[in-house]
Amino acid sequence: MSGVGGIIVETEAYLPDDAASHSYGGMTERNRAMFGPSAQAYVYLSYGLHWCLNFVCLPASAVLIRAIEPKWGLETMRERRGVSRDRLLCSGPGRIGQALAINMEQNGLPLWREPFCLRLPEARPEISAGARIGISKAVEQPWRFGLANSNFLSRKF
DNA sequence: GCTCGGATGGTCT
DNA sequence: GACCATCCGAGCG
């Protein structure tokens with residue numbers, strides 16, 4: 001996203017047949033991107049004011065990007081966020097949306113080229129799992145994943 | 001450190 | 001008209 005970003009440290013999975021997933025109940029105008037090809041972005045507006053970024057995986061499945069350890073373009077992200085503490089730059093899906101200037105223009109864009117730039121980690125990281133955050137259905141599913149020892153989580157595992 | 005509640009608007013029933 | 005995959009600031013300890 002024009003030179004801003006970092007290391008993804010927290011995600012949540014949303015599957016087909018998952019009552020907490022936007023894809024649950026079939027395709028609508030809003031969630032159309034979720035039913036499209038894999039490896040594209042799915043963007044939606046949360047609570048009327050937060051843009052949230054997902055990666056579409058299998059059909060009707062997506063991974064919500066919940067937290068990033070800021071690495072690149074810190075000044076730009078600080079300006080967009082209006083915060084001084086780097087801890088709060090990208091620690092939460094809505095904060096990521098603001099820091100990366102996410103909006104509907106990215107909805108449905110492929111992830112393998114500009115404005116995205118995805119890389120695998122050099123070493124396989126230790127991934128922790130836990131219950132998802134901020135949902136009211138399928139609460140018990142442990143489909144929140146991330147780096148438990150990161151300082152940039154939206155919440156501890 | 002914590003909890004609580006308001007802001008805010010698209011989507012779906 | 002209710003429901004949200006949220007954030008932030010105020011108030012309190």
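Only this structure's heavy atoms are used, side chains among them; waters, hydrogens and symmetry mates stay out. What you see is a predicted model; the values in this text were computed from it and never measured. Lettering follows sequence order; numbering is per chain, from 1.
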Joining Ile, Leu, Val, Met, Phe, Trp and Tyr whenever any side-chain heavy atoms lie under 4.5 Å apart, the cluster holding Leu49(A) also takes in Tyr47(A)
In this structure, how many angstroms lie between the [atom2] atom of [N] and the [atom1] atom of [X], rounded?
X: Ile133(A); N: dC4(C); atom1: CD1; atom2: C1'; answer: 16 Å
X: Leu89(A); N: dC7(C); atom1: CG; atom2: P; answer: 13 Å
X: Arg80(A); N: dC7(C); atom1: CZ; atom2: P; answer: 17 Å
X: Leu64(A); N: dT6(C); atom1: CG; atom2: P; answer: 7 Å
X: Asn107(A); N: dA5(C); atom1: CG; atom2: P; answer: 17 Å
X: Leu53(A); N: dT6(C); atom1: CG; atom2: P; answer: 14 Å
X: Tyr24(A); N: dC3(C); atom1: OH; atom2: C1'; answer: 16 Å

So [Y] and [X], do their side chains get closer than 4.5 Å, heavy atoms only?
X: Leu53(A); Y: Pro93(A); value: no
X: Cys90(A); Y: Phe152(A); value: no
X: Pro59(A); Y: Met34(A); value: no

Show me, range against range, the stems involving DNA chain B, built from at least 3 consecutive Watson-Crick or G-U pairs below 3.5 Å. B:1-7 with C:6-12, B:9-12 with C:1-4
Which residue pairs pass the side chain to side chain donor-acceptor pair (under 3.5 Å) test with at least one member in residues 117-141 of chain A, sequence neighbours excluded?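 Listed by first then second residue: Asp18(A)-Arg132(A).
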Protein within reach of the bases, or only the backbone? For nucleotides 8-13 of chain C, mark each nucleotide 5' to 3' as B, S or -, using heavy atoms under 4.0 Å. S-----
Sequence-aligned protein contact record of nucleotides 6-13 of chain B, with B where the base is within under 4.0 Å of a protein heavy atom and S where only the sugar-phosphate is: --BB-SS-
With a cut-off of 3.5 Å and sequence neighbours excluded, list every side-chain donor-acceptor pair involving residues 95-104 of chain A.
{"unit_1": "Arg95(A)", "atom_1": "NH1", "unit_2": "Ser91(A)", "atom_2": "O", "d": "2.8"}
{"unit_1": "Gln98(A)", "atom_1": "OE1", "unit_2": "Arg81(A)", "atom_2": "NH1", "d": "2.7"}
{"unit_1": "Gln98(A)", "atom_1": "NE2", "unit_2": "Arg80(A)", "atom_2": "O", "d": "3.1"}
{"unit_1": "Asn103(A)", "atom_1": "OD1", "unit_2": "Glu105(A)", "atom_2": "N", "d": "2.8"}

Can you establish whether the number of heavy atoms outside Tyr24(A) located under 6.0 Å from its atom OH is more than 12? no
With Pro110(A) via side-chain contact (heavy atoms from CB on, under 4.5 Å) - residues at least two apart: Trp112(A), Arg113(A)
So what does Arg66(A) touch, heavy atoms closer than 4.0 Å: a base, only the sugar-phosphate, or nothing? sugar-phosphate
Find out if a path of hydrophobic residues (ILVMFWY) with successive side-chain heavy-atom gaps under 4.5 Å connects Phe157(A) to Ile8(A). no
Atom pairs and distances, donor-acceptor, side-chain atoms in residues 60-75 of chain A, under 3.5 Å, two or more places apart:
{"unit_1": "Arg66(A)", "atom_1": "NE", "unit_2": "Glu10(A)", "atom_2": "OE2", "d": "2.8"}
{"unit_1": "Arg66(A)", "atom_1": "NH2", "unit_2": "Ser154(A)", "atom_2": "OG", "d": "3.1"}
{"unit_1": "Glu75(A)", "atom_1": "OE2", "unit_2": "Arg78(A)", "atom_2": "NH1", "d": "2.5"}

Tell me which donor-acceptor pairs under 3.5 Å the side chains of residues 39-46 of chain A have, and how far apart each pair is, sequence neighbours excluded?
{"unit_1": "Gln40(A)", "atom_1": "NE2", "unit_2": "Ala33(A)", "atom_2": "O", "d": "2.8"}
{"unit_1": "Tyr42(A)", "atom_1": "OH", "unit_2": "His22(A)", "atom_2": "ND1", "d": "2.8"}

Just jot down the ring pair (Phe, Tyr, Trp, His ring centres under 6.0 Å) partners of Tyr14(A), sequence neighbours excluded, or say none.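 Per chain and number, Tyr14(A) pairs via ring pair (Phe, Tyr, Trp, His ring centres under 6.0 Å) with no residue.
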What parts of residues 134-156 of chain A reach DNA chain C, counting only heavy atoms under 4.0 Å away? Gly134(A), Ile135(A), Ser136(A)
Please collect all salt bridge (Lys or Arg N to Asp or Glu O under 4.0 Å) contacts where either partner lies in residues 23-33 of chain A, sequence neighbours excluded, each pair once. Glu29(A)-Arg32(A)
